[in-house]
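Proteins get letters first, then strands, A, B, ... in listed order; numbering begins at 1 in each. Keep in mind that what you see is a predicted model, and the values were worked out from it rather than measured.
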Amino acid sequence: MPETEAPLDFIREIVSKDLESGKHASPVTRFPPEPNGYLHIGHAKAICLVFGVAEEFGGKCFLRMDDTNPEKEEAHYAEAIQRDIQWLGFQWDGEVRHTSDYYSTLHDWAIHLIREGKAYIDEQSAEEMRANRGSLTEPGRNSPFRGRPQEENLERFEQMRAGELEEGTCVLRAKIDMASPNLNLRDPALYRILKKAHPRTGNEWCIYPMYDFAHGQSDAIEGITHSLCSLEFENHRPLYDWFVENLPVPNKPRQIEFSRLNLTGTVMSKRKLLRLVEDSVVDGWDDPRMPTLSGLRRRGFTPASIRDFIARAGVTKTAQTMDLRLLQHCLRQDLEHSAERRMAVLRPLKVVLTDYPEDRTEEIELPNHAGREELGKRKIPFSREFYIEQSDFLEDAPKKFFRLTPGKEVKLRYAYVIKCEEVVKDQDGNIVELRCTHDPETRHGLPKDRKVKGILHWVPAKESIECEVRIYDELFTVENPDGEDDFMSVLNSESLERVRARCEPSLLDAAPEERFQFERNGYFVVDMDSKKGVPIFNRSVSLKDSFSKK
RNA sequence: UACCCGAUGGUGUAAUUGGCAACACAACAGGUUUUGGUCCUGUCGUUCCAGGUUCAAGUCCUGGUCGGGUAGCCA
C-alpha cells in the first residue's frame, strides 16, 4: 500500500478501488516502448507511473518492447531504453518481453476473427482505402472486398503469410463499422505485408500486426490489469476493448489514459529530436542539451531529481507543460545536500598579493560541505599568486557591487581579506592582473571592526589545473518551440559555450559522472569525454543568482 | 465541420467528493549567512463564461466559449 501522505492521483485511485473491491489481487502494469528512439523526460512520467503503481500496490511491472514495425526499429534503441530505465531506478519483473514473442498467437487470433466473419482481406490500394475511409465529418464506404467468402479470406491470408503476395497488395482488416464517428473503428488494418527482416524474428514473418491488433492482446496475454497510456490513445480504447471482447483472450485489461508531460523550452517528439541529432544541431541523443534521459544524465541530472520532478508534476488528463525551472529546482535541492563543494574559476584573472612573501605557501584546509562535516576536508595551497573570476572585478562598480573594485576589500573564501591596490592592463587596455594587499588577521573569519560583504572563490596560480568547462543554455530561444511553424528556425546558436577554466588540484582524478558544486558557480558533473589529467565538466545547473538579474 | 478529452494564480497539482480555495515552483520584498547559494518570513486568485439547483457550488444541472487529440498498410 502507498504511504498515505499525498492524495492519490486518479489512476492510483482506480487501482486502489480495484484492489479493495477484489477485482484484482494485485496490479500488473507494463511499460511498452517502441524501440525506435531514445527515452525522454516525458517517458519518465510514464515509467514512474507504471513502475510506481506496481511497487506501491505490491504488484508487478513488465517491460515490453512494442516491436511490430521492423522498418523503424533497431536493437540498439532497445538496449538504450533498458539502460535508461535502470538508471532512473526501476527494474522490470522477469525478462524483457516483446510483442514479437506473441506473433504466432496474434496470427492465430487473426484467423479466429476471419472464421468469425469479423475480418477480411482487403485488396484495395492504400489510396483507395484512404479515399473510402471518409473524413472527420463524412462516413466511410464499405470496401468491395468486405463481403468476400470466409474461405477466400483464409486462403488469401495464408498467401500473405507465405510471402506469395507483394507489399501493399492487400491487408487484413477488421470488419467493424465504416460509418463509425470514431475513425479507428472504420475497419482498421490488422496485418500488413512487410518483407523486412525483424531484429528478433529475422525472416520468419513477412506480415506484421498493426499496433491496435497487437497492443491490447499483448496486455491480455501478460495478464496486465491496468494498461496505462497517454491521451492520444483515448480514441483507440473502443477498438482495444473490441479485440478484448472478440478474441479468446485469457483476461481483460483496462486501458486508462493520462496526459503527456511537456517541458518548457524544448521539443519532445521523437521526430523532432531525431532531426536535431541528424542535422548535428546536437552531438547525439545523449547531448547534455537534449531532454532525453541519456542527455539529462550526461548533463548531470540525478535519477532522484527526475523522479522528484515527476512526482511533483502529478498525473491528470489536462495537457501538462512543466516549467523547466522546477526540474532545475529538484536538481539543486538534491545536489545542495549531496554534492561536495570545490572551487573552480571559469574565467581566470590573476591576482598578486604584493605584501605576501614570495617563498611562502600555506595549506588551507577547507570543508567538502559546509553543512555536512561528515563529508570531510581537503587542502588547497595558498600563496602569493592566485586567480579569481574575471566577473568578480569591476573598475567602475555600481553601489550594490559586493565584489572586488579598486581600493575596496573582499574576503577570499576560507582565506584572507584582500584589498585591490592596482590594476594592471595590457597595451589594448585589457585588465590582465590585479595587485592586492591582504590582512593577515582575517585568515579564519571576517574582520570585526569593518564590514566586508563580498566573498570570492579562488584557485592557486601554480597548483591549480586547467580544465574544460561546458556551459549549456537552452536549445531554443522561445518557450514553446512546438508552437513555431518551423522549430528549427528558433534554435539558440549559443546553447553551448566551452571555457578553459582552472580548478583546484583535488579535481584532477575526478571520474565521469562525479558531481560537485563549484562554489558560487553552480553544479557540475564530470563528462565522459574527460581525458587523463584534463577533466571536462558540464554545468548541470547554475546556482540561483539574485545578483546578476538586477 | 464529426467524435473524444480537457479547463482552478505565470506553471503544475490539491480541496474531507456540496462546507473558510491549499501545496510546490517561478516572480517580487525582507531576514539569516565566510557561497549574492542554502535556510526562514511575507506578497501575488472574481476557480473559462452565462444561467439554474441549494442555507451553502471549484465541485451538481443546462447552454455556451476556449484549448488539445483523431482521417498511417506508424506506435
Distance-only side-chain donor-acceptor flag, [X] / [Y], under 3.5 Å:
X        : Y        : answer
A:Glu362 : A:Tyr416 : yes
A:Glu222 : A:Tyr102 : yes
A:Tyr240 : A:Gln255 : no
A:Asn132 : A:Gln124 : yes
A:Ser230 : A:Glu232 : yes
A:His98  : A:Arg200 : yes
A:Arg342 : A:His457 : no
A:Asn36  : A:Lys270 : yes

Separation of the [atom1] atoms in [N] and [M], to the nearest angstrom:
N      : M      : atom1 : answer
B:rG52 : B:rA2  : C1'   : 30 Å
B:rG9  : B:rU16 : C1'   : 24 Å
B:rA15 : B:rC23 : C1'   : 11 Å
B:rU17 : B:rA57 : C1'   : 13 Å
B:rG31 : B:rU38 : C1'   : 14 Å
B:rU53 : B:rC61 : P     : 15 Å
B:rC48 : B:rG10 : P     : 12 Å
B:rA21 : B:rA14 : C1'   : 9 Å

Contact list for residues 168-193 of chain A, test ring pair (Phe, Tyr, Trp, His ring centres under 6.0 Å), sequence neighbours left out: A:Phe157-A:Tyr191, A:Tyr191-A:Phe213
Could you tell me whether [X] contacts a base, only the sugar-phosphate backbone, or nothing, with contacts defined as non-hydrogen atoms closer than 4.0 Å?
X        : result
A:Gln517 : base
A:Thr68  : sugar-phosphate
A:Arg372 : nothing
A:His337 : nothing

Where at least one partner belongs to residues 168-192 of chain A, residue pairs that pass salt bridge (charged side-chain N to carboxylate O under 4.0 Å, His left out), sequence neighbours excluded: A:Asp122-A:Arg173, A:Arg146-A:Asp187
Pairwise salt bridge (charged side-chain N to carboxylate O under 4.0 Å, His left out) hits with a residue in residues 329-338 of chain A, at least two apart: A:Glu336-A:Arg341
Comparing A:Lys72 and A:Tyr523 on RNA chain B - which has the more 5′ nearest nucleotide: A:Tyr523
Earlier contact from the 5' end, RNA chain B, for A:Phe10 and A:Pro32: A:Phe10
Cation-pi check, A:Arg161 onto A:Trp205 ring (under 6.0 Å, within 45° of axis): yes
Cationic tip of A:Lys272 above A:Phe487 ring, under 6.0 Å, 45° of axis: yes
Gap between atoms [atom1] and [atom2], on [X] and [N] respectively (whole Å):
X        : N      : atom1 : atom2 : answer
A:Leu239 : B:rC3  : CG    : C1'   : 15 Å
A:Phe258 : B:rU13 : CZ    : P     : 13 Å
A:His198 : B:rA75 : NE2   : C1'   : 13 Å
A:Ile11  : B:rU13 : CD1   : P     : 13 Å

Please list, pair by pair, any protein nitrogen or oxygen found under 3.5 Å from a nitrogen or oxygen in nucleotides 8-11 of chain B.
residue : atom : partner  : partner atom : Å
B:rU11  : O3'  : A:Thr321 : O            : 3.4
B:rU11  : O2'  : A:Thr321 : O            : 3.0

Chi-angle category of B:rU47 [syn within 90° of 0, anti beyond]: anti
Syn-anti status, with the boundary at 90° from 0, for the nucleotide B:rG51: anti
Given [options], which nucleotide is nearest the side-chain atoms of [X]?
X        : options                : answer
A:Met210 : B:rA75, B:rG37, B:rU34 : B:rA75
A:Ala313 : B:rG12, B:rA71, B:rA75 : B:rG12
A:Leu446 : B:rU34, B:rG72, B:rC73 : B:rU34
A:Thr137 : B:rA2, B:rC5, B:rC25   : B:rA2
A:Glu34  : B:rU35, B:rG12, B:rA75 : B:rA75
A:Val171 : B:rU35, B:rC73, B:rA14 : B:rC73
A:Asn69  : B:rU35, B:rG36, B:rA75 : B:rA75

Partners passing side chain to side chain donor-acceptor pair (under 3.5 Å) against [X] (at least two apart in sequence or in another chain):
X        : answer
A:Arg254 : none
A:Thr68  : none
A:Glu474 : none
A:Glu71  : A:Lys196

Does a nitrogen or oxygen in the side chain of [X] sit under 4.0 Å from OP1 or OP2 of [N]?
X        : N      : result
A:Arg133 : B:rC73 : yes
A:Thr316 : B:rG6  : no
A:Arg260 : B:rC5  : no
A:Arg192 : B:rC74 : yes

Backbone of A:Tyr523 reached by a side-chain donor or acceptor of A:Arg539 within 3.5 Å: no
Backbone N/O of A:Ala344 and side chain of A:Asn521: donor-acceptor pair under 3.5 Å: yes
For nucleotides 38-46 of chain B, print each protein N/O atom paired with a nucleotide N/O atom at under 3.5 Å, atom names and distance only.
residue : atom : partner  : partner atom : Å
B:rU38  : O2'  : A:Glu336 : OE2          : 3.1

base_contact_polar (B:rG36 base, A:Arg403 side chain, donor-acceptor, <3.5 Å): yes
Base-pair map of RNA chain B as dot-bracket, where | denotes pairing with a different strand and pairs are Watson-Crick or G-U under 3.5 Å: .((((((..((((.....[..)))).(((((.......)))))....(((((..]....))))))))))).....
Please list, pair by pair, any protein nitrogen or oxygen found under 3.5 Å from a nitrogen or oxygen in nucleotides 64-70 of chain B.
residue : atom : partner  : partner atom : Å
B:rG69  : N2   : A:Asn235 : ND2          : 3.1

Residues touching RNA chain B, which here means a heavy atom under 4.0 Å, drawn from residues 211-221 of chain A: A:Tyr211
